[in-house]
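All ligand and atom numbering here is 1-based and tracks the order in the structure.
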Amino acid sequence: MLLRIDHVGIACHDLEEKISFYESVFGLTVVSREVNEEQGVREAMLHVADGDGGASYVQLLEPLSPDTAVGKFLAKRGEGVHHIGYGVADVTTALAEIGAKGVRLVDERPRHGSMGASIAFLHPKDVGGVLTELVEAPRR
Ligand code: MC0
């Protein structure tokens, strides 16, 4: 069901500062920047590698305000890994299969994610403390 690690989402206070860090220390390149009002984030995708199933990225996330998912996470835990996004072929099918196994779905239906992807989150309390995102890449 899980095809690959699509991205690792990292919460930060200052997006531009963290982009500079990942560019200068790891030599990564920003391939996309977006503001996602629905998710309450300003985010950047930095390309890491290409694989058979698609590319993988580091996703840097800055909250649009303190009362967002990432804003609350930063206040409680500070900067660090916020979620893991796994590539799936069909996010609606994957949600149905995972939900049927008793895992709480944060999203019953796919939402709009970075770079045109369809995404949905699974509740971290049912995935061993890891906020888990399913990512269906846009069709080419
Ligand atoms: C919260 N918790 C987490 C967590 N966020 N645990 C692990 N990883 C995280 N990222 C834990 C808290 O510590 C707390 O546990 C419990 O979950 C409830 O948290 P809360 O602070 O009271 O917040 P809630 O319940 O209002 O919301 C938690 C929930 C929310 C996961 C449902 O953050 C959510 O809907 N997340 C999905 C959307 C999201 O994260 N969007 C931003 C990225 P304790 O034990 O302390 O009670 S958007 C994105 O990434 C898009 C753009 C993309 O990839 O394309």
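To the nearest 0.5 Å, atom CG of residue Leu60 and atom CD of residue Glu16 are 10.0 Å apart. To the nearest 0.5 Å, the span separating CG on Asp6 from CD1 on Ile84 amounts to 11.5 Å. Separation of atoms CD (Glu62) and CD (Glu43) is listed at 11.5 Å; rounding is to 0.5 Å. Going from atom CD of Glu136 over to atom CG of Asp90 covers 5.0 Å, rounded to the nearest 0.5 Å. In this structure, the separation between CD1 on Ile19 and CG on Leu46 is 6.0 Å, given to the nearest 0.5 Å.
For atom 7 (C) of ligand 1, the nearest protein heavy atom (residue, atom name, distance) is Gly129 O, 3.2 Å. At the top of the distance list for atom 25 (O) of ligand 1, counting protein heavy atoms only, stands His123 NE2, 4.9 Å. Of the protein's non-hydrogen atoms, the one nearest atom 5 (N) of ligand 1 is Phe73 CD1, 4.1 Å. Closest protein heavy atom to atom 1 (C) of ligand 1: Pro124 CG, 4.6 Å. Looking only at heavy atoms of the protein, atom 49 (C) of ligand 1 is closest to Phe121 CZ, 3.9 Å. With respect to atom 30 (C) of ligand 1, the closest heavy atom belonging to the protein is Ala69 CB, 4.2 Å.
Listed here is the closest heavy atom pair of Asp14 and Glu79: N-OE2, 4.3 Å. Minimum heavy-atom separation, Phe73 to Ala11: CD2-CB, 3.8 Å. Nearest approach of Ser56 to Ile5, heavy atoms of both residues: CB-O, 3.3 Å. Considering every non-hydrogen atom in both His82 and Leu61, the closest pair reads ND1-CD1, 4.0 Å.
The heavy atom nearest to atom 50 (O) of ligand 1, considering only Glu38, His83, Gln39, His112, is found in His83. Of the candidates Lys76, Glu133, Glu43, the one placing a heavy atom closest to atom 14 (C) of ligand 1 is Lys76. For atom 26 (O) of ligand 1, the nearest non-hydrogen atom from the set Arg42, His7, Met45, Lys72 comes from Lys72. Around atom 35 (O) of ligand 1, the closest heavy atom drawn from Leu61, Thr68, Val106 belongs to Val106.
The presence of a protein heavy atom under 4.0 Å from atom 3 (C) of ligand 1 is confirmed. Per-atom contact check: atom 18 (C) of ligand 1 does not touch the protein, criterion being a heavy-atom distance below 4.0 Å. Counting protein heavy atoms under 4.0 angstrom from atom 40 (O) of ligand 1 gives one or more. For atom 37 (C) of ligand 1, a protein non-hydrogen atom is found at a distance below 4.0 Å.
Comment: Glu133 does not engage Arg111 in a salt bridge, judged by the lack of any side-chain N to carboxylate O separation of less than 4.0 angstrom.
Not one N or O of Asn36 is nearer than 3.5 Å to an N or O of ligand 1, by distance alone. At least one N or O atom of Gln59, backbone or side chain, sits closer than 3.5 Å to an N or O atom of ligand 1. By the 3.5 Å distance cut-off applied to N or O atoms, Lys125 is counted among the residues near ligand 1.
Of the heavy atoms in Ser114, both backbone and side-chain atoms come closer than 4.0 Å to ligand 1. Both the backbone and the side chain of His82 come within 4.0 Å of ligand 1, judged by heavy-atom distances. Proximity of Val70 to ligand 1, defined as any heavy-atom pair under 4.0 Å, is confined to the side chain (atoms from C-beta onward).
Within the structure, ligand 1 lacks Gly85 among the residues with a heavy atom less than 4.0 angstrom away. At least one heavy atom of Arg77 sits under 4.0 Å from some atom of ligand 1. Between Glu34 and ligand 1 there is no heavy-atom distance shorter than 4.0 Å.
Listed by atom number, the atoms of ligand 1 under 4.0 Å from Ile119 heavy atoms are 51 (C), 53 (C), 55 (O). Distances below 4.0 Å separate heavy atoms of Gly113 from the following atoms of ligand 1: 55 (O).
Under a 3.5 Å cut-off, the side chain of Arg4 and the backbone N or O of Ala55 do form a donor-acceptor pair. Counting only distance, with no hydrogens or angles, the side chain of Asn36 and the backbone of His112 share a donor-acceptor pair below 3.5 Å. Looking only at distances, a side-chain donor or acceptor of Glu34 sits under 3.5 Å from a matching main-chain atom of Met115.
A chain of hydrophobic side-chain contacts below 4.5 Å, direct or via other Ile, Leu, Val, Met, Phe, Trp or Tyr residues, connects Val30 to Ile10. Hydrophobic clustering (side-chain heavy atoms under 4.5 Å, transitive across Ile, Leu, Val, Met, Phe, Trp, Tyr) keeps Leu15 apart from Val31.
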